[in-house]
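All values derive from a computational prediction rather than experimental measurement. Whatever order the structure lists ligands and atoms in, that order sets their numbers, starting from 1. As a basis for the values below, the full set of heavy atoms in this structure was taken, side chains included, without hydrogen atoms, waters or symmetry mates.
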Amino acid sequence: MSNGPGAPTPDAVRLCAQASGFARRGQPWFYRDDVAGGELAPSRLVRVRDELGRDLGLGFTSAGRLALRLAGPWPGDGAPDRETFFHARLQAAVARRSGQLGPDDGARLVHGEADGLPGLVVDRYGPVLVLQSTSAVVEGALDAIVPFLVGRLGAESVVARNDVPARRHEGLPAEVRLLHGRRIEAAAIVEHGVGHTVRPFTGHKTGFYLDQRPARGLVRELAAGRTVLDLFSYQGGFSLAALAGGARSATAVDQSAEALAAAAAGAQRNGLTGLTTVEADVFDFLRQQRESGRQADLVVLDPPAFAKSRREVEGASRGYRDLNRQALRVLAPGGFLLTCTCSHHVEPARFEELVRQAAAGLPFRIVLRQRLGAGPDHPVLLTHPGSEYLKVLLLQRPD
Ligand code: SAH
C-alpha cells in the first residue's frame with residue numbers, strides 16, 4: 001500500500017501467521033518481526049488484523065523494541081480517534097473500581113494491559129493522581145487523558161512519575177513533572193484504618209506500595225500480641241498495620257535512614273507506640289538475630305525485585321532461598337512468615353519451590369497457610385504471565 005502526499009497514515013497493521021496465533025490466545029506483546037504488513041511509525045492507535053485479515057482488536061504501534069501492544073477489542077472496522085478510545089477505556093477502568101474510591105483512599109485506577117490500556121498506570125492518592133506512561137501512544141494522548149481524569153475524579157493535582165527505564169525503548173525522556181493543578185508534596189491516605197503519607201514526586205513507584213494492601217490487611221489481622229519483624233520495611237507500611245492490629249512491638253529494618261524516619265513519623269502521626277527502627281542490611285540483621293537466639297512471632301519479608309531480567313533469575317533465586325531460610329529460622333513456635341517477591345521473572349510456581357527449598361532441612365515443619373497477591377485494583381491479564389508480578393505466601397511454624 002502506498003500513500004500519496006497528505007494521505008492519512010494507514011490505521012491497520014497485520015500480524016504474521018504465527019504471531020496471529022499467539023494473539024488469538026491472548027498474548028499482548030509483539031516485536032517487529034511479528035508484523036507482516038502496515039506501518040509501525042509513527043506510534044499510534046491502529047486496528048490489528050491476523051494473517052487472513054481477521055480482526056484482532058486495537059493495538060499501539062511503536063518504532064521501539066515493543067513494536068505492537070494489543071489494546072483489546074473495539075467495535076467496527078477502523079481505529080477510533082484517541083479521545084474516543086482513551087475516554088471509553090478510562091471510564092471503564094474507573095467504573096470497575098467504583099467501590100474503592102473513598103475520598104481518602106489509595107487505589108490503582110488503571111493497570112496497563114489488564115485494563116486495555118498498554119503502557120499506562122494511574123494511581124489515586126486522595127486528591128492526587130499519579131500517572132506513569134511507558135508508551136509513546138499514551139504520551140501523545142495526555143491531552144485527552146489528563147482532562148478526562150480531572151473531570152471524572154475531581155483531582156486537584158496530576159503528576160507524571162515517568163522516571164522508569166522502560167521509557168527509553170520508546171524514545172521518551174525519564175522525567176517527573178506536574179501535569180495539572182498544584183504541586184502536592186505529601187498526600188494522606190487511609191488504609192485499613194491506618195494513615196499513610198504518600199510522596200508522589202519522590203516516593204518509591206508512584207509514591208506507595210499500593211499492591212501490598214491485601215497483605216497489610218492480613219498482617220493487621222494476625223498481629224495482636226505478637227512481636228513483629230518488618231524486613232525491607234521502606235516507610236514501615238507493614239509495621240504500622242501490625243501496630244494498629246495490636247502487635248506487642250514492631251521492628252522495621254531497612255538500609256535507608258530516610259525511609260525509617262518516615263516510618264517513625266508515620267507511627268507518631270497514627271498514635272501508635274512500640275515501633276523500633278533499625279538501619280541495617282537485612283541479611284546481616286537476620287544473621288545477628290539468629291546468633292543471639294532472638295525469635296519473632298510474625299516476620300514480613302518484602303525485598304525489592306532481585307531479578308530485574310530473565311538473566312538474573314538464577315542469582316535471584318539463590319538470594320530468595322537464603323533469605324527465606326534465614327527468616328524461617330528466627331520464627332518462634334506458632335510464628336508466621338509473610339514472604340513476598342515482586343520479580344516479574346520469578347513465576348509463582350518457582351517462588352513456591354524456592355520457599356519449599358528454604359524450609360527443607362529445618363528442625364521444624366512449615367505450613368503454607370495462604371497465597372496472596374496484589375489487590376483487585378491490580379487485575380492480572382491471564383494470558384500475560386508477567387503481569388502477575390507480586391506473589392505473597394503466608395507460612396506458619398506450627399506450635
Ligand atoms: N515493605 C515495603 C516495601 C519494600 S521496598 C512496603 O510495604 O511499603 C524495598 C525496601 O528494601 C526499600 O526501602 C530499600 O531501601 C530496602 N532494601 C533493599 N535492599 C536492602 C538490604 N539489603 N537491606 C535492607 N534494606 C534493603
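Any N or O atom pair closer than 3.5 Å counts here, and Val282 shares at least one such pair with ligand 1. Looking at ligand 1, you'll find an N or O of Gln255 within less than 3.5 Å of one of its N or O atoms.
A 4.5 Å side-chain heavy-atom check between Arg24 and Arg54 finds at least one atom pair inside the cut-off. With a 4.5 Å cut-off on side-chain heavy atoms, Gln132 and Val164 count as touching.
Less than 4.0 angstrom separates some heavy atom of His204 from each of these atoms of ligand 1: 12 (C), 13 (O). Near Asp302, the atoms of ligand 1 lying under 4.0 angstrom from a non-hydrogen atom of the residue are 1 (N), 2 (C), 3 (C), 4 (C), 6 (C), 7 (O). Close approach to Arg216 involves these atoms of ligand 1, each under 4.0 Å from a residue heavy atom: 7 (O).
In this structure, Ala280 has a heavy atom closer than 4.0 Å to ligand 1. Proximity of Pro304 to ligand 1 is established by a heavy-atom distance of less than 4.0 Å.
For Phe306 and Tyr320, the gap between ring centers is short of 6.0 Å.
In this structure, a donor-acceptor pair under 3.5 Å is absent between the side chains of Asp50 and Ser20.
For residues 324-337, the side-chain hydrogen bond (donor to acceptor under 3.5 Å, both in side chains) pairs, not counting sequence neighbours, are Asn324-Thr339. Counting only residues at least two apart or in different chains, side-chain hydrogen bond (donor to acceptor under 3.5 Å, both in side chains) contacts with residues 381-399 comprise Asp211-Tyr389, Arg369-Gln396.
By the criterion of a heavy-atom distance under 4.0 Å, the side chain of Phe238, and not its backbone, is placed next to ligand 1. Residue-level proximity to ligand 1 for Tyr234 is carried by backbone and side chain together, each with a heavy atom below 4.0 angstrom.
Salt-bridge check for Arg161 with Asp123: failed, with every basic side-chain N at 4.0 Å or more from each acidic carboxylate O.
Formation of a donor-acceptor pair under 3.5 Å by the Arg32 side chain with backbone atoms of Ala63 is found in this model.
Nearest to atom 16 (C) of ligand 1 by heavy atom, out of Val278, Asp254, Asp281, Leu231, is Asp254. Counting only non-hydrogen atoms, the option in Phe232, Phe208, Phe306 that gets closest to atom 4 (C) of ligand 1 is Phe232.
Ranking protein heavy atoms by distance to atom 8 (O) of ligand 1, first place goes to Tyr209 CD1, 3.4 Å.
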